[in-house]
Amino acid sequence: MPAELIDGRAIAKKIRADVAERAKKLAQGGLRPGLAVVMVGDNPASAVYTAAKSKAAEEAGFYSLNLRLPADTSEADLLSRVDALNSDPKIHGILVQMPLPKQIDPDTVIRRIDPKKDVDGFHPVNVGKMLIGERDGFIPCTPAGIQVLLKESGVKTPGKDCVIIGRSNIVGKPMAALMMQDNENANCTVTVCHRRTVDLKAHTRAADILIVAAGRPRIVTADMVKPGAVVIDVGTNRVNDPSTKSGTRLQGDVDFESVSEIASKITPVPGGVGPMTIAMLMANTVRAAEMTVR
Ligand code: GUN
């Protein structure tokens, strides 16, 4: 495997240690950062993610509130919970785990969260600030984490062709907005590919940096990658694998085995982007707390 592995676990550990240090400083001044993680229903993947987020908050020394609401919770009920968290001085960050049950409109919920507590960076105010390059908002955790992964593994981004597969509000769109900004960790020429892209391979083969957030197992194969490219795999697809104890395993959007033969650097799944998402959530939360005293 000629490609160098980008170790998300190691980089995330450094970020979380820095966050814990900042939380300690705040606590010495009498302020303990607080994160509320809200989950509605019992989606098994969401249960795993929210438990990991709450645990990371505790490990960082935060006050951690994990709210599990029944699947038939009404939108009005959830909104009143959000209102209560907005006005709770112990809470600096609020995260409502997506997806939500059908009876609840996610956009209405996102808009209800105080932008100053929106540590997911999903509120239109924070999305707008990110797009215009204002730095006092919150950046969505997965794209922010990918940018840190690139920086920490020594990838020089200015002038590079960055191709993103996927245009979700959580990853693809904010990733594109970040990589096109005028700064040393970005300054890329950005292309966003999606379901209606005509010749996907023609685009991906031109990429110096290829970021794959399609949510489809192994859609990127070696023939689609330029030799020496940096490949970031955001995919966390659960696929059947009778050879494992549980009968399933996590599979990225990239065919790691073949692509790692021709890329220069690549993230594994698991252990690449995933740990960074949680680390950046902690970083956003400690910053939300810091901002209340500045
Ligand atoms: N569902 C999948 N990823 C995320 C995330 O980063 N934040 C929230 N709130 N929900 C998600």
Side-chain angles (χ1 to χ4, degrees), residues 8 12 15-16 34-57 64-69 71 73 75 78-79 81-82 85-86 91-102 104-127 130 137-149 164 166-175 177-178 211-216 232-238 250 252-253 269-270 272-285 287-288:
I15 305 264
R16 284 169 61 172
L35 174 66
V37 174
V38 184
M39 175 180 160
V40 186
D42 34 37
N43 179 313
S46 292
V48 172
Y49 295 141
T50 53
K53 289 167 183 177
S54 294
K55 181 162 171 268
S64 170
L65 182 68
N66 192 329
L67 209 58
R68 278 285 283 270
L69 302 174
T73 300
E75 186 177 288
L78 178 60
L79 292 175
R81 300 278 192 162
V82 170
L85 294 169
N86 279 340
I91 296 296
H92 305 92
I94 303 169
L95 177 146
V96 179
Q97 186 69 20
M98 305 292 159
L100 288 165
K102 284 189 306 288
I104 303 177
D105 174 36
D107 292 333
T108 305
V109 176
I110 288 166
R111 280 171 170 75
R112 192 71 158 246
I113 297 170
D114 180 346
K116 290 192 172 61
K117 295 191 177 188
D118 168 40
V119 286
D120 254 330
F122 292 169
H123 192 288
V125 165
N126 285 317
V127 175
M130 174 185 59
F138 293 105
I139 293 173
C141 301
T142 300
I146 290 170
Q147 211 175 21
V148 173
L149 280 182
I164 298 161
R167 57 177 161 187
S168 71
N169 288 341
I170 296 182
V171 186
K173 281 185 210 164
M175 192 79 247
L178 287 180
I211 300 172
V212 191
R216 295 220 240 139
I232 305 290
D233 188 351
V234 188
T236 50
N237 310 285
R238 195 152 282 285
L250 275 189
D253 290 353
V269 175
V273 173
M276 292 304 291
T277 298
I278 294 185
M280 298 317 288
L281 176 67
M282 300 306 126
N284 277 350
T285 305
R287 198 160 69 82

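Residue numbers count from 1 along this sequence. All ligand and atom numbering here is 1-based and tracks the order in the structure.
- Open room surrounds CG on D42; 12 or fewer heavy atoms of other groups in view lie less than 6.0 Å from it.
- Each of K53, L95, V96, Q97, M98, D120, F122 has a non-hydrogen atom positioned under 4.0 Å from some atom of ligand 1.
- Under the salt bridge (Lys or Arg N to Asp or Glu O under 4.0 Å) criterion, R112 pairs with D83, sequence neighbours left out.
- In this structure, the salt bridge (Lys or Arg N to Asp or Glu O under 4.0 Å) partners of R16, at least two apart in sequence or on a different chain, are E59.
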Throw together a table of side-chain donor-acceptor distances under 3.5 angstrom for residues 119-127, partners on residues two or more places apart or in other chains.
from	atom 1	to	atom 2	distance (Å)
H123	ND1	V125	N	3.0
H123	NE2	R111	O	3.2
N126	OD1	F138	N	3.2
N126	ND2	P115	O	3.1
N126	ND2	D118	OD2	2.8

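- Residues M98 and I110 have side chains in contact (heavy-atom distance under 4.5 Å, counting atoms from C-beta outward).
- Rounded to the nearest 0.5 Å, atoms CG (L35) and OG1 (T285) are 4.5 Å apart.
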